[in-house]
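Read the structure below first, then the notes.
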Amino acid sequence: MELSKNYIPGEVETKWYKHWIDQGYFHSEPNDKPAYTVVIPPPNVTGVLHMGHCLNNTIQDILVRRARMQGMNPCWVPGTDHASIATEAKVVAMLRERGIAKSSLSRDEFLGYAWEWKEKYGGIILQQLRKMGCSLDWDRTSFTMDPDYYETVIKVFVDLYNKGKIYRGKRMINWDVRAKTALSDEEVIHKEVNGKMYHIRYKLDMPGEEYITIATVRPETIFGDTAICVHPKDDRYKNLVGKHAFVPMINRRIPIIADDYIEMEFGTGALKVTPAHDINDFNLGQKHGLEVIETLNEDGTMNEEAPMYMGKDRIEVRKIIADDLEASGNLVKLEDYVNQVGFSERTDAIVEPRLSLQWWVDMKQLAGPALEAVMSDEIQFHPAKFKNVYRHWMDNIKDWCISRQLWWGHRIPAWYDVDGNVYVAENEAAVNEKYPETKGKTLTQDSDCLDTWFSSWLWPIEVFKGMSNPNNAEINYYYPTSTLVTAPEIIFFWVARMIMAGEEYMGKIPFKDVYFTGIVRDKQGRKMSKSLGNSPDLLGLIDQYGADAVRFGIMIASPAGNDLLFDESTLEQGRNFNSKLWNAAKLLKMWETRIDTGINNKGDVPQDAAFAMDWFQAKLSATQVEVDSMLKEFRLSEALKTIYGLIWDDYCSWYLEWIKPGFEQAIHADVYNKSIEFYDSLLQLLHPFMPFITEELHHALKTQTEDLCVKEYETIGKVDEAVLNAGALLKNVISTLRDARNKNQIKPKDAIDLHIQSENNAAYQRIENILAKQINAKSIAYTQASIGSSIVVALEKDKFYLVADQAIDTASLKENLLKDLAHQQGFLASVEKKLSNEKFVQNAKPEIIAIEQKKKADALARIQTIEESLAQL
RNA sequence: GGGAGCAUAGCUCAGUUGGUUCAGAGCAUCUCGUUUACACCGAGAGGGUCCGCGGUUCGAGCCCGUGUGCUCCCA
């Protein structure tokens, strides 16, 4: 097979992905091999591939492909999440564009549109994952609203209700005024906002014109005020406690109470208490038995409690009311103030605390075993620093609000009779059976849906039908899954809750390792976002650079446990790496036609080539061991860097040059075959990271019986340390002599004569040819004495004399030697100081002292060599 | 307000139990070079007060304290 001049990714990628699928390599069935299970974090059904997905799924694919090549039975399950609020928002927007209001539709009509939309646009992302080469088992594609899955979610709700772990309660929740639904705490994003602090005076209910001044950032909430609170020890207000004041504009009479919750230094030290619109005020109200007055409609406009502003949005009212208060003389002061405001993750609306009747999961009971599983390292977090974050959250866990005022999702299985009694069961028939008193009564189902995460916390179980068909062969084989790869942002949303569900319903943890990826940011460290326009088009990048280059680029820039700053230049590096791989293969193919088939073939492999082969074998084994341990510790980026260096530097720059035959000369068959074998091992090592080009080249090298994708790694050979060291010495000698040539401005084309003065000539004799080739020497000789008019280079205890035709720049040579001498002398001094320190000799471990003594001896020898060289100049 | 983490070369990061010539890698930069795989290349070089201060120790990039700056999570 002839290789084209350049590697062209497009066709190759399509060809191999289709081949892998046709061969069924990605499909898994339970068998005798150990399972390696990964469930994809299901992207939103509305999703399109972005850089975060690219990173996350590349990592999963690396782990899965590696497991496959290690002879395990990997199963990577794809799927999507119905994403109730995000999807409903998109469908509503789509309908609005068509001139249809959601309010004009029945629930069923709306869901009809939603399903239609889901079938049309949902799961585009799954198609895009194929482009990246992800080895997902497509036959197992799941959706969180598949019929079985839906039933399971309902079953879990009923079960937790029966166990008393789900309850209905009126609580302060986060209200999204745009989506008109409750949000969980995790769906609220806190941001700093520049606002104003309003100092407002309330007239006291006593003779004369006496006032108390409060400070607030939300003057529009005064209509909900039911008390003013001060600190009991605050001398300014002590005499007012127990008295009353009037809310401006509406003149409601409210009590002045005392509580040590108040911070005296903050604002005026007097707090207006609005139990309906602030969580802290609500708690305070509960404690003091205050009235709760709601002043907002569900869309964020003011209601009849604020007659003069009724129907106006609260944010708008904030501006108007300041003027009105000022006009009436009740606005005492206005100052700039920065405060934290909660925004809806989905709609970006400012979230309002709102009192409402919602469904809750009691988390305290579920949290215990889930915390223990992580703290005991039964589940391992990578990086481990997230254990702290996890513990802190679990220790302070709050109940989970799971009802959402939406239609798209799993409808809450609760029914109400006309009197408002609540009955919970799988369906109406089950209700009648469970609660016989309901027979014949008119029942209405709760119109709300469940939080999306209430279905995704069952993902690792239900993708194998572990709950809809308990104890089936697949769940028993694939569960617990092996590794979960996800973003730290959803550690509480998802990871913690999956652990809870796993413990609750399987009695087992859902996964053994959790790898948290970093967040993909742009070059300046900003998060990628649509509004900033700094999110590159991933498919465009794949078209431009090839999928392998994109995978390389994102992985090489992705230090374990840190965010990664995405820069297109790393994709360029990936593309260049493709070229390097391609060109190395081209070189090998060129030699294929020059294999020595004659008499020489029977002869021994030339000594220098034999050395090169031994050395690379050792280097390869050592690196395989290294990569193996890095991957075990999830240090993927480092593993890739290591492989990159092995291929580019050790194989291409050193090994291939060392065995390269002379111009149009033959190559020994053993050397050729070994080189092909090495190269194939490199491709195999790299394959999980860059699957397409490696598969292509694997087949290009020679006729293969097996695809690289499923070729199992062989046991790693023993590492020959002596050969490794000899190779390192050779590289060092070559670099040093090349440097000497450079510094003395010897042109690359000008061959030199090299004289070596060493106590160990044999070490050099077997690598003479390599050395001569690499430093362009026309002769190599061994000497006992110095050589006149030559460039002298000292390395360890050996000296090298370079004889060139041109004049020698003794000045710069001398300068370098003197520099080196000074360095060595300084080093020697520090070592001697250490050794003459009695305390060091007494306290340090013997092996450390031995090392110091060797350092001293080496330095002395080296100084002697340099001094001799200097003497000759 | 509570909690977690980070600070090492121009940039992004390694640096394990305190001890080897330990101060490293990749990218970027500079010099030289188109020699028969590759200029998407080759050969070579320069570049750091390991954030500041104090402490423990024979010995600190690493341990302790403290200050400064930054990031994230939660309220």
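In what follows, chains are A, B, ... by sequence order, proteins preceding strands, each numbered from 1. The figures that follow rest on heavy atoms only: side chains count, while hydrogens, waters and symmetry mates do not.
- For the P atom pair drawn from B/A60 and B/G18, the interatomic distance equals 14 Å after rounding to whole Å.
- As rounded to whole Å, 12 Å separates atom P of B/C74 from atom CZ of A/Phe386.
- Residue order along RNA chain B, read from the 5' end via each residue's closest nucleotide, puts A/Ser569 first among A/Arg521 and A/Ser569.
- Of all heavy-atom pairs spanning A/Leu656 and A/Cys652, the tightest one is CB-O, 3.6 Å.
- If A/Lys586 and A/Val841 are placed on RNA chain B by their nearest nucleotide, the residue sitting closer to the 5' end is A/Lys586.
- Picking from B/C38, B/G5, B/U36 the nucleotide with the shortest atom distance to the side chain of A/Asn583 gives B/C38.
- Remark: B/C6 base-pairs with B/G69. Criterion, Watson-Crick or G-U wobble with two distances under 3.5 Å.
- Ring to ring, A/Tyr651 and A/Phe616 are close: their centroids are under 6.0 angstrom apart.
- With salt bridges taken as basic N to acidic carboxylate O contacts below 4.0 Å, one links A/Lys387 and A/Asp377.
- If you measure from atom CG of A/Leu587 to atom C1' of B/U35, you get 14 Å, rounded to the nearest angstrom.
- B/U31 and B/U49 have their C1' atoms separated by 29 Å, given to the nearest Å.
- Comparing the C1' positions of B/G46 and B/C70 gives a spacing of 30 Å, expressed to the nearest Å.
- Here A/Glu657 lies in heavy-atom contact (under 4.0 Å) with a base.
- By the salt bridge (charged side-chain N to carboxylate O under 4.0 Å, His left out) test, A/Arg575 pairs with no residue at all, sequence neighbours left out.
- Of the C1' atoms belonging to B/C6 and B/G47, the separation is 24 Å, rounded to the nearest Å.
- Among the atoms of the strands shown, only primed sugar atoms or phosphate atoms (P, OP1, OP2) are found under 4.0 Å from some heavy atom of A/Gln573.
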* Start with the C-alpha gap between A/Trp654 and A/Gln774, add the side-chain angles, then the distance that decides, and say whether side chain to side chain donor-acceptor pair (under 3.5 Å) holds. => CA-CA 9 Å; A/Trp654 293 114; A/Gln774 294 265 273; over 6 Å; no
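- B/A14 sits 11 Å from B/U8 when the P atoms are compared, rounded to a whole Å.
- Comparing B/C63 with B/C50, their P atoms are spaced 16 Å from each other, to the whole Å.
- Here the side chain of A/Met590 is nearest to one of B/G33, B/G19, B/U36, namely B/U36.
- The aromatic ring centres of A/Phe493 and A/Trp453 sit less than 6.0 Å apart.
- Under 4.0 Å is where a charged nitrogen must lie from a carboxylate oxygen, and between A/Glu638 and A/Lys641 no such pair does.
- Atom name P, nucleotides B/A23 and B/C62: the rounded distance is 15 Å, in whole Å.
- In this structure, A/Ile849 and A/Glu852 have side chains that are not in contact, with every pair of non-hydrogen atoms separated by 4.5 Å or more.
- Across every strand in view, B/U29 sits in a pair with B/A45 that passes the Watson-Crick or G-U test at under 3.5 angstrom.
- Among the protein residues, A/Lys660 comes within range of the nucleic acid bases, having at least one heavy atom under 4.0 Å from a base atom.
- In this entry B/C22 has no Watson-Crick or G-U wobble partner, no candidate having both defining distances under 3.5 Å.
- One atom, CZ of A/Phe840, and another, P of B/G59, lie 11 Å apart when rounded to the nearest Å.
- In this structure, the nucleotide among B/A4, B/C58, B/A37 sitting nearest to the side chain of A/Lys839 is B/C58.
- Comparing the same atom, C1', in B/U20 and in B/G26 gives a spacing of 25 Å after rounding to whole Å.
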Below 3.5 Å between N/O atoms, which protein atoms pair up with nucleotides 41-47 of chain B? Just atom names and distances, please.
residue: B/C41; atom: OP1; partner: A/Asn576; partner atom: ND2; Å: 3.3
residue: B/C41; atom: O3'; partner: A/Lys580; partner atom: NZ; Å: 3.4
residue: B/G42; atom: OP1; partner: A/Lys580; partner atom: NZ; Å: 3.0
residue: B/G42; atom: OP1; partner: A/Trp648; partner atom: NE1; Å: 2.5
residue: B/A43; atom: O3'; partner: A/Arg738; partner atom: NH1; Å: 3.1
residue: B/G44; atom: OP1; partner: A/Ser735; partner atom: OG; Å: 3.0
residue: B/G44; atom: O2'; partner: A/Asp739; partner atom: OD1; Å: 3.2

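- Put simply, CG on A/Asp395 is 13 Å from C1' on B/G2, counting in whole angstrom units.
- Note on A/Asp650 versus A/Lys731: salt bridge recorded, some NZ/NE/NH1/NH2 to OD/OE distance being below 4.0 Å.
- Using a 4.5 Å heavy-atom cutoff, the side chains of A/Phe386 and A/Val495 are not in contact.
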With the criterion being N/O to N/O and under 3.5 Å, what pairs connect the protein with nucleotides 8-18 of chain B, and how long is each?
residue: B/A14; atom: O2'; partner: A/Glu638; partner atom: OE1; Å: 3.3

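- Ranking B/G26, B/A37, B/C72 by closeness to the A/Tyr644 side chain, first place goes to B/G26.
- Nucleotide B/U35 has no partner under the Watson-Crick or G-U criteria, as no pair reaches both atom distances under 3.5 Å.
- Atom pair A/Gln745:CD and B/G33:C1' shows a separation of 13 Å (rounding to whole Å applied).
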